[in-house]
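Have a look at the structure below, then the notes.
The residues of the chain are indexed from 1 along the displayed sequence.
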Amino acid sequence: MAKASTTLTLTAPDEATLGGGVEITGTLGRQGPALEPGATVRVERTDRLGSGALSSVAVGADGTFTVKDLPRTTRTVTYTLSYAGDALHVGATASAQVEVRRR
């Protein structure tokens, strides 16, 4: 049996300030059967200082999730979110870029 497809949809601000933080909301959509309970999305941040994994976030029963981050530097920050998939669903990845300013 083939695995069902999934999609990650993100909503992120175009700009943010260092002290104000970044909030990204998203939806993990799926075809076919419900996601397994406890599904999570992995979050990675890439900025001019390098890349690193942030805490994974839980996906709600309705497929929604929220990522909150306090950027560590200015300029462009890329957030890459990934769902690894499960026994019934393939994985999905999406990215968002935020321009971080001092004020």
Side-chain angles (χ1 to χ4, degrees):
M1 176 185 197
K3 290 186 176 188
S5 64
T6 59
T7 58
L8 273 175
T9 305
L10 307 178
T11 302
D14 292 328
E15 294 184 347
T17 59
L18 269 179
V22 172
E23 182 174 292
I24 299 170
T25 57
T27 303
L28 176 58
R30 51 126 181 111
Q31 296 290 320
L35 297 170
E36 292 182 359
T40 60
V41 173
R42 183 178 184 273
V43 183
E44 183 173 312
R45 176 182 60 202
T46 303
D47 57 27
R48 64 190 176 109
L49 300 177
S51 297
L54 303 179
S55 296
S56 293
V57 294
V59 177
D62 61 355
T64 62
F65 57 88
T66 301
V67 175
K68 294 183 180 183
D69 182 48
L70 197 57
R72 60 188 180 168
T73 187
T74 57
R75 300 189 189 158
T76 303
V77 178
T78 301
Y79 293 90
T80 303
L81 284 75
S82 313
Y83 169 65
D86 60 27
L88 301 174
H89 301 91
V90 296
T93 301
S95 296
Q97 288 189 332
V98 179
E99 190 66 29
V100 179
R101 306 201 186 287
R102 289 200 187 284
R103 294 181 199 190

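- Proximity of Thr80 to Thr93: side-chain heavy atoms (C-beta onward) are separated by under 4.5 Å at one or more points.
- By the neighbour-count criterion of 12 heavy atoms within 6.0 Å, atom CD of Glu23 is densely surrounded, having more than that number from other residues, nucleotides or ligands.
- A distance-only check finds no donor-acceptor pair linking the side chain of Thr25 to the backbone of Thr66 [under 3.5 Å].
- Considering OG1 of Thr76 and CD of Glu99, their distance stands at 3.5 Å, rounded to 0.5 Å.
- Other residues, nucleotides and ligands contribute more than 12 heavy atoms inside 6.0 Å of the NZ atom of Lys3.
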Report task. Go through the steps to decide whether Val22 and Val77 satisfy the test side chain to side chain contact (heavy atoms under 4.5 Å, CB included), and finish with yes or no. Result -> CA-CA 10 Å; Val22 172; Val77 178; over 6 Å; no
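- Taken to the nearest 0.5 Å, the OG1 atom of Thr6 stands 9.5 Å off from the CD atom of Gln31.
- The heavy-atom pair separating Ser56 from Arg42 by the smallest distance is OG-CA, 3.7 Å.
- Between Arg45 and Leu70 the shortest heavy-atom distance is NH1-O, 3.5 Å.
- Put simply, the side chain of Arg75 never gets that close to the backbone of Asp47: no donor and acceptor are under 3.5 Å apart.
- Taking a 6.0 Å sphere around CG of Asp14, one finds it holds 12 or fewer heavy atoms contributed by other residues, nucleotides or ligands.
- Across every non-hydrogen atom of Pro33 and Leu88, the tightest pair is CG-CD1, 3.8 Å.
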Requested in this report: I would like to know whether Thr73 and Val100 meet side chain to side chain contact (heavy atoms under 4.5 Å, CB included); could you show each step before the answer?
Outcome: CA-CA 7 Å; Thr73 187; Val100 179; over 6 Å; no
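- Side-chain atoms of His89 do not come within 3.5 Å of backbone N or O of Glu36 as any donor-acceptor pair.
- Side-chain atoms of Phe65 and Leu10, non-hydrogen and from C-beta on, do get closer than 4.5 Å to each other.
- For the atom pair Arg102 CZ and Thr17 OG1, the distance stands at 12.0 Å (nearest 0.5 Å).
- Linking Ile, Leu, Val, Met, Phe, Trp and Tyr residues whenever their side-chain heavy atoms come within less than 4.5 Å leaves Val43 and Leu49 in two separate clusters.
- There is no side-chain donor-acceptor pair under 3.5 Å between Thr46 and Thr78.
- In this structure, the separation between CG on Leu81 and OG1 on Thr9 is 11.5 Å, given to the nearest 0.5 Å.
- Cluster membership for Val57 and Ile24, using ILVMFWY side-chain heavy atoms within less than 4.5 angstrom, is shared.
- Considering every non-hydrogen atom in both Gly21 and Pro71, the closest pair reads CA-CD, 3.9 Å.
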